[in-house]
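Some notes on the structure that comes next.
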Amino acid sequence: MKTLTKITFFTAFCMLFSAYQLSAQAIVLNAPEPADNPNLSGSTPWTAVCAGNSGFNEYFVNITWIGTANAGNEFILELSDATGSFANPQTLQTISDKNTVKDFDTSFAIPTDTRGEGYKMRVRSTDPEKIGNESPAYNMYYMDVTSNLNISEQGNGVPPGTVCSTGPITLQVDNISNPETYQYIWFRSGTELTGETGHTLNVTQSGMYNVYIDYGPRCTGSGNTDSNIVDVTIGGSGTGIAVTAPSKTALCSTDSETLTIDQTDASWSYQWFKNDVAILGATATFYTVDASAAGFEGDYAIEISGTGICNERSSAITITNADVYTVNVENEINMVLLPTQSQTLSVSTTANTPSYKWFRNGIEIAGETNSTITISQDGEYYAEVTQTGGSCSVSSKNSDVTTVVSPASFEMIINYTDAYTSCESTSTILGVEQINAVATDGTKTDVTSALIDGFTYQWTKDGTAVSGATSSTISLASNAENGTYDLNASVDSFTVDSNSLTVQLLTSETISIASSGTVFCSGGETITLSTSSDLGSSTFEWHLDGASVNTTDTSLTVTTPGSYRLAVNRDGCALLSNEIVISPLDENLITLDPGTEIVMPEGTTKLVTASGGTAYRWLDANAVEIGNVDSITFTEAGSYTLIASIDNCEIIRQVEVSYLDTFKVPNVITVNGDGINDQWVIPNSYSNKADVNIIIYNEQGQEIVNEFDYKNNWPQSTTAFTKQNMVFYYKIRNASEVLKQGTITVIR
């Protein structure tokens, strides 16, 4: 059904564009608007798309346009992504038989992966090519799950009804495939749990829990995904059980200790835990810890369960290993022994009254019984430490092995010490990355930390020594220092040459480009790019989206949208300019605060501010200009038009101003047929809303009205009222909460 308001707006819109359209524009496409579904009785234009229930997925929009379309033209209805972006639009419908029909309806179905609150639609034509205005954002959801959810603690599909636990539990959705791909709305005792959107919920408070799939504020209620209710009690009163304090908690390997619960009951069941993991078969009132078993140490607790009580677990008793002590190597574990030199090895320990033995290549070294040893031979060394004091019997542990090598030669590896990139970095530091001692059999041992300060160094560039460069690093900060570097180092009688590294630094010079504009309003326009740098003696390239498009012109005339840069050759490196993005006109750049639908109390004013443009014109419904700055104050309801300019481009926005309801929900109606107050008329913030549910009950609590999109038409006759004054009860709610409730007295 086309309303008078819509016809008036369309006529005014056509008049406006007849006055202001550019000669190059042969067609103007308006934003598609929701329309009736002719296949459904009593249908009205939709306000949100909630598809998928019982397979339903048929909606209609009204398309209007002005101008002239060529014979082969097609109108294509497109859908944005969930954020409103048309970077990759989806085609909803292609219409090829309406090239002379300026106002028509067409059907569409949304893709089955549509879920979001920011979808927009638009229409584009193919001959001539034109992209129309974007629609407002809509809630659009394809509800592929439209049945009741099941939540349980075990995840086995069995609804528990009630759960009793002394600690937190996890509830989870378990009766749909891939539940983690949806977002959810969780409730505790009717209150939404803000921020809880996953398919699992960590429950730490008592209450009655249920969940919906979140299909947005307009569609959730029609998804029919309300779950079962689970009544959870957390922290139920317990009996204060505990583990009786054992005689000792630090055990030797020959010890055992029996743990017992401090109270028992014939109706209880028992389960022992170690480190919060149930011990298999440990279901008696006692449990024996055997210290001869590997890994016996840990935290032990007992849990009781039974009919009519919550599970209760005791505090843990910590059992430790008295035999535990540490042996640590205090020297480098890889060492180089140079000719005529010696090295000192050392260990430390936490053992009680330790004794020491040292071994080389697995053979004990006679007489070495201290925590340190001085060596003059290569080999693999370790210390055996024996604990001779304390409560436990004698035990021994070996330290880690220290590998000592006598090198045949050395290998030195240099590298860039920072994030260097050739022809991008403007500075870098080269340094020693690793020094390897190479044995006669070719075995390499990393001795960097031990010897990096023992070498003397000389850096060379392109085979020539760099004056003053005699440390393990060299800093380079100019493209004048570009070249191939290596490092010569010596220690004792050894001399070694490193690998080579090539350094290609970019100059610190900057290249800037400017443009005569950044936006194409329509086809056929040109924009010029230029630079103030002298390109006369330089090799250069203009780039479009990273690809070379011109190597000869010092200024560039462009007709194609994209990202432009100038690359100038400097010492074999491409010196890149700033980036200038040339784009087609994006109508989304123009925004209005607080929006395009303004509701205000009658007799008041409302300030609306536009942004994103370079100039503005405000017109009333008669195309009369009422303002030419970015803000305007509205004093009356009506339809208004904003023409915003970006450079030489114009973008049009329609603003609808309406008055706010000031009357309340009535609690008395008089059904006497006089045409006054005969029906229950509620504010338009509740009536005619597809996402608002109106429920009316009689005195016996029976539903007599339960509908969405209420038309202010109850009661439809007076015959149902058998008494003079009858009281009814009403409830107004949306998908997640009750908005209003009260009584209605019907006076005959």
Side-chain angles (χ1 to χ4, degrees), residues 242-260 272-277 279 282 287-301 314-337 341-405 445-453:
V243 177
T244 301
S247 61
K248 58 181 178 178
T249 58
L251 306 182
C252 299
S253 60
T254 56
D255 292 339
S256 65
E257 185 70 24
T258 298
L259 306 177
T260 60
W272 286 89
F273 288 79
K274 176 187 174 186
N275 299 333
D276 292 326
V277 177
I279 303 172
Y287 180 74
T288 299
V289 180
D290 183 2
S292 66
F296 72 89
E297 56 267 34
D299 294 331
Y300 291 84
S314 71
S315 297
I317 295 292
T318 300
I319 302 296
T320 61
N321 189 341
D323 278 336
V324 172
Y325 59 92
T326 61
V327 177
N328 297 315
V329 175
E330 298 299 322
N331 51 264
E332 298 285 341
I333 61 172
N334 292 300
M335 304 180 72
V336 175
L337 187 64
Q341 288 187 343
S342 63
Q343 294 280 11
T344 299
L345 311 183
S346 177
V347 295
S348 62
T349 182
T350 60
N352 194 329
T353 316
S355 64
Y356 303 91
K357 292 181 181 180
W358 284 92
F359 293 79
R360 174 178 177 268
N361 297 334
I363 300 174
E364 183 180 353
I365 304 173
E368 296 293 344
T369 57
N370 295 319
S371 61
T372 62
I373 183 175
T374 299
I375 63 169
S376 58
Q377 292 179 289
D378 58 12
E380 294 187 336
Y381 292 83
Y382 67 88
E384 178 188 88
V385 179
T386 301
Q387 179 172 260
T388 63
S391 60
C392 299
S393 59
V394 174
S395 61
S396 299
K397 288 186 178 181
N398 293 340
S399 71
D400 290 336
V401 172
T402 296
T403 300
V404 181
V405 297
T445 302
D446 184 352
V447 294
T448 308
S449 59
L451 291 184
I452 191 168
D453 293 329

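Values in this document were obtained by computation on a predicted structure and should not be read as measured data.
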With a 4.5 Å heavy-atom cut-off, do [X] and [Y] have their side chains touching?
{"X": "W358", "Y": "V347", "answer": "yes"}
{"X": "W272", "Y": "V243", "answer": "yes"}
{"X": "T445", "Y": "V336", "answer": "no"}

task = Check M335 against L345 and note the closest heavy-atom contact, atom names and distance.
result = SD-CD2, 3.4 Å
key: Heavy-atom pair of closest approach, residues A301 and A316   = CB-CA, 4.1 Å
Listed pairs under 3.5 Å, donor-acceptor, residues 370-379 side chains, sequence neighbours left out:
none

Contacts of type ring-ring contact (aromatic ring centres under 6.0 Å, His included), residue Y356, not counting sequence neighbours = none
What distance do [X] atom [atom1] and [Y] atom [atom2] have between them, rounded to the nearest 0.5 Å?
{"X": "T244", "Y": "L259", "atom1": "OG1", "atom2": "CG", "value": "9.0 Å"}
{"X": "D290", "Y": "L251", "atom1": "CG", "atom2": "CG", "value": "9.5 Å"}
{"X": "F296", "Y": "D255", "atom1": "CZ", "atom2": "CG", "value": "8.0 Å"}
{"X": "N331", "Y": "S399", "atom1": "CG", "atom2": "OG", "value": "8.5 Å"}
{"X": "T320", "Y": "D299", "atom1": "OG1", "atom2": "CG", "value": "10.5 Å"}
{"X": "E297", "Y": "N321", "atom1": "CD", "atom2": "CG", "value": "5.0 Å"}

task = Go through the structure and list residues passing salt bridge (Lys or Arg N to Asp or Glu O under 4.0 Å) with K357, not counting sequence neighbours.
result = none
query = For I279, does the CD1 atom sit with more than 12 other heavy atoms under 6.0 Å from it, leaving out its own atoms?
reply = yes
N361 atom CG, over 12 foreign heavy atoms within 6.0 Å = yes
request  = Answer yes or no: is there a donor N or O on one side and an acceptor on the other, between the side chain of E380 and the main chain of G362, under 3.5 Å?
outcome  = no
N328 side-chain N/O to S348 backbone N/O, donor-acceptor pair under 3.5 Å = no
message = With side-chain contact (heavy atoms from CB on, under 4.5 Å) as the criterion, how do Y300 and I319 come out once you've worked through the C-alpha distance, each side chain's angles and the decisive distance to 0.1 Å?
response = CA-CA 8 Å; Y300 291 84; I319 302 296; 3.7 Å; yes
key: side chain to side chain donor-acceptor pair (under 3.5 Å) between T326 and T350, intermediate numbers included   = CA-CA 5 Å; T326 61; T350 60; 3.2 Å; yes
